[in-house]
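Counting from 1, the numbers follow the sequence of the chain as shown.
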Amino acid sequence: MLEDSGFPADADQFVLVASLDNARNLSNLLKAIHFRDHATFFASANGIRVTAEAAKSVQGNAFIQASVFQEFRIEEDSVIFLINLTVLLDCLTIFSASSLPGVTTVLRMCYRGYGYPLTLFLEESGVVTVCKIQTQEPEETLDFDFCNTNVINKIILQSESLREAFTELDMSCEVLQITMSPEKPYFRLSTFGDAGSTHCDYPKDSDMIEAFHCNQTQCNRYKISLLKPSTKALALSSKVSLRTDNRGFLSLQYMIRNEDGQICFVEYYCCPDEEMEDVDS
């Protein structure tokens, strides 16, 4: 309907056009990495990746595959720009306060090229709103160099069990310690506070664990302040993959099923806590 309600006739001049029948499928994913005002928007033939970073120690990536969109057209090998994520989310949810149950917002997202704004055409119940968001020169994103060949341990578990663990652990502590081992305790989450230490253990044959691939014992600590943003993705997800590489870097990959039943992913990378490593050594 957007074509008849205000979508420009010169649509072929856009280098990127992406349409969704339900804008919430995009806004929910972006909320899962919304811990910084600005994010890098990267589009290719495979789809869209939006990246947010903080303190050069944590990175969140939201992946929306091209197949998720009802229409996805890109005229260049890649499109990249920096955008205000807070403003983008405000625009995507512009109808949410007045939406009736079962009513969705149709989105068409267009970009004309370098220096131009990202234009959103949002339609709900015949009402069309056009939002133009200024884009900026993209910043260089961190390369955590997290490749499969360097992965030492990998565990896939149901998100429900990790959510329960986070309610039992003292998340007001400074660090979360993650232990992965081919032997007991197999998979352990620990916090250390004034009242003592708290541990959550998972046997490798637990019903909550779908895959357990641990090659050697690793025990690393991560600042909880860096991990907390990822709990937004955890709340939306059904499964989570935890991987650690030979440097102790952590990858948390969340599988999220959107309202249309399609699967998308949000991934967080986090550096181990160097201060705690120094203390241990």
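- Counted by atom type alone, Gln253 and Tyr268 present zero donor-acceptor pairs between their side chains at under 3.5 Å.
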I'd like a table of donor-acceptor pairs (distance under 3.5 Å, sequence neighbours excluded) in which one partner is a side-chain atom from residues 188-205, with atom names and distances.
residue, atom, partner, partner atom, Å
Arg188, NE, Asp201, OD1, 2.6
Arg188, NE, Asp201, OD2, 3.4
Arg188, NH2, Asp201, OD2, 2.9
Ser190, OG, His199, ND1, 2.6
Thr191, OG1, Asp170, N, 3.3
Tyr202, OH, Ser161, O, 3.0

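- Between the side chain of Ser159 and the backbone N or O of Lys239 there is at least one donor-acceptor pair closer than 3.5 Å.
- Although no hydrogens or angles enter the test, the distance criterion places a donor-acceptor pair under 3.5 Å between the side chain of Glu53 and the main chain of Leu142.
- When side chains are defined from C-beta on, Glu267 does not count as touching Tyr254, because their heavy atoms never get closer than 4.5 Å.
- Closest non-hydrogen pair, Asn153 versus Asn215, comes out as OD1-N, 2.7 Å.
- Side-chain N/O atoms of Asn22 and Asp260 include no donor and acceptor closer than 3.5 Å.
- The CG atom of Leu20 lies 12.0 Å from the CZ atom of Arg24; values are rounded to the nearest 0.5 Å.
- Two rings, from Tyr111 and Phe41, have their centers 6.0 Å or more apart.
- Here Cys270 contributes atom SG and Tyr222 contributes atom OH; the two are 7.5 Å apart, rounded to the nearest 0.5 Å.
- For the atom pair CZ of Phe265 and CG of Leu29, the computed distance is 11.0 Å after rounding to the nearest 0.5 Å.
- The main-chain N or O of Leu234 is found under 3.5 Å from a side-chain atom of Arg163 such that the two form a donor-acceptor pair.
- Between Lys223 and Asp273, at least one side-chain nitrogen of the basic residue sits less than 4.0 Å from a carboxylate oxygen of the acidic one, meeting the salt-bridge criterion.
- Aromatic ring centroids of Phe146 and Phe249 lie 6.0 Å or more apart.
- With hydrophobic clusters built from ILVMFWY side chains whose heavy atoms lie under 4.5 angstrom apart, Tyr186 shares a cluster with Ile209.
- Looking at every heavy atom in both residues, Ser230 comes nearest to Leu252 through OG-CD1, 3.9 Å.
- Residues Asp245 and Phe144 are not in side-chain contact: their nearest non-hydrogen atoms beyond the backbone lie 4.5 Å or more apart.
- Residue Val15 is grouped with residue Leu120 when hydrophobic side chains (ILVMFWY) are merged at heavy-atom distances under 4.5 angstrom, including chains of intermediate members.
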Exercise for review: Run the numbers on Ser237 and Val266 for side chain to side chain contact (heavy atoms under 4.5 Å, CB included), then give the verdict.
Suggested key: CA-CA 9 Å; Ser237 66; Val266 170; over 6 Å; no
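- Pairing each heavy atom of Thr104 with each of Glu124, the nearest pair is O-CG, 3.8 Å.
- Across all their heavy atoms, Ser67 and Gln262 have their closest contact at O-NE2, 3.7 Å.
- Taking both residues in full, the closest heavy atoms of Lys228 and Thr231 are given as O-OG1, 2.6 Å, listed atom of the first, atom of the second, then distance.
- Ile152 and Phe212 are members of different hydrophobic clusters when ILVMFWY side chains are connected at heavy-atom separations under 4.5 Å.
- Note that CD1 of Ile256 and OG of Ser238 are 8.5 Å apart. Values are rounded to the nearest 0.5 Å.
- Ion pairing between a basic and an acidic side chain is recognised when a charged N comes within 4.0 Å of a carboxylate O; Arg221 and Glu174 show no such pairing.
- Within the structure, side chain to side chain donor-acceptor pair (under 3.5 Å) pairs that include any residue of residues 140-152 comprise Asn148-Arg243 (at least two apart or interchain).
- With hydrogens and angles ignored, the 3.5 Å screen pairs a side-chain donor or acceptor of Lys232 with a backbone N or O of His34.
- The cluster map of Ile, Leu, Val, Met, Phe, Trp and Tyr, joined by side-chain heavy atoms under 4.5 Å apart, puts Met180 and Tyr269 in different clusters.
- A cation-pi contact links Arg49 to Phe42, judged by a cut-off of 6.0 Å to the six-membered ring centre and 45° from its axis.
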Point to revise | side chain to side chain contact (heavy atoms under 4.5 Å, CB included) between Ile48 and Phe69, worked out | key: CA-CA 10 Å; Ile48 292 173; Phe69 295 92; 3.7 Å; yes
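- Cluster membership check: Leu82 does not share its hydrophobic cluster with Leu30, using side-chain heavy-atom separations under 4.5 Å among Ile, Leu, Val, Met, Phe, Trp and Tyr.
- Residues Pro182 and Thr217 have side chains in contact (heavy-atom distance under 4.5 Å, counting atoms from C-beta outward).
- To the nearest 0.5 angstrom, Leu157 atom CG is 6.0 Å from Leu242 atom CG.
- Note that CG of Leu107 is 10.0 Å distant from CG of Asp21, once rounded to the nearest 0.5 Å.
- No hydrogens or angles considered: nothing links the side chains of Thr105 and Glu123 as a donor-acceptor pair under 3.5 Å.
- The two residues Val50 and Ala39 come nearest to each other via the heavy atoms CG1-CB, 3.7 Å.
- Phe166 places a side-chain heavy atom less than 4.5 Å from the side chain of Met171.
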Exercise for review: Tell me, with the steps shown, if Leu176 and Leu227 meet side chain to side chain contact (heavy atoms under 4.5 Å, CB included).
Suggested key: CA-CA 9 Å; Leu176 172 70; Leu227 291 176; 3.7 Å; yes
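- Within a 6.0 Å radius of OH in Tyr116, no more than 12 heavy atoms belonging to other residues, nucleotides or ligands are found.
- Within the 4.5 Å cutoff, the side chain of Thr119 has no heavy atoms near those of the Met109 side chain.
- Using a 4.5 Å heavy-atom threshold, the side chains of Phe95 and Val127 count as touching.
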Practice item. Go through the steps for Gln218 and Thr244 under the test side-chain hydrogen bond (donor to acceptor under 3.5 Å, both in side chains), then give the verdict. Key: CA-CA 8 Å; Gln218 282 185 307; Thr244 51; 2.4 Å; yes
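- Side chains of Arg108 and Val17 form a contact here, defined as non-hydrogen atoms less than 4.5 Å apart.
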Practice item. Could you give me the CA-CA distance, side-chain angles and deciding distance for Cys264 and Gln65, then say whether side chain to side chain contact (heavy atoms under 4.5 Å, CB included) is met? Key: CA-CA 7 Å; Cys264 298; Gln65 297 94 321; 4.0 Å; yes
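- Here the options are Ile64, Asn46, Leu16, the test is side chain to side chain contact (heavy atoms under 4.5 Å, CB included), and the partner is Phe72; only Leu16 passes.
- Open room surrounds CD on Glu139; 12 or fewer heavy atoms of other groups in view lie less than 6.0 Å from it.
- Counting only heavy atoms from C-beta outward, the side chains of Leu92 and Leu26 approach each other to under 4.5 Å.
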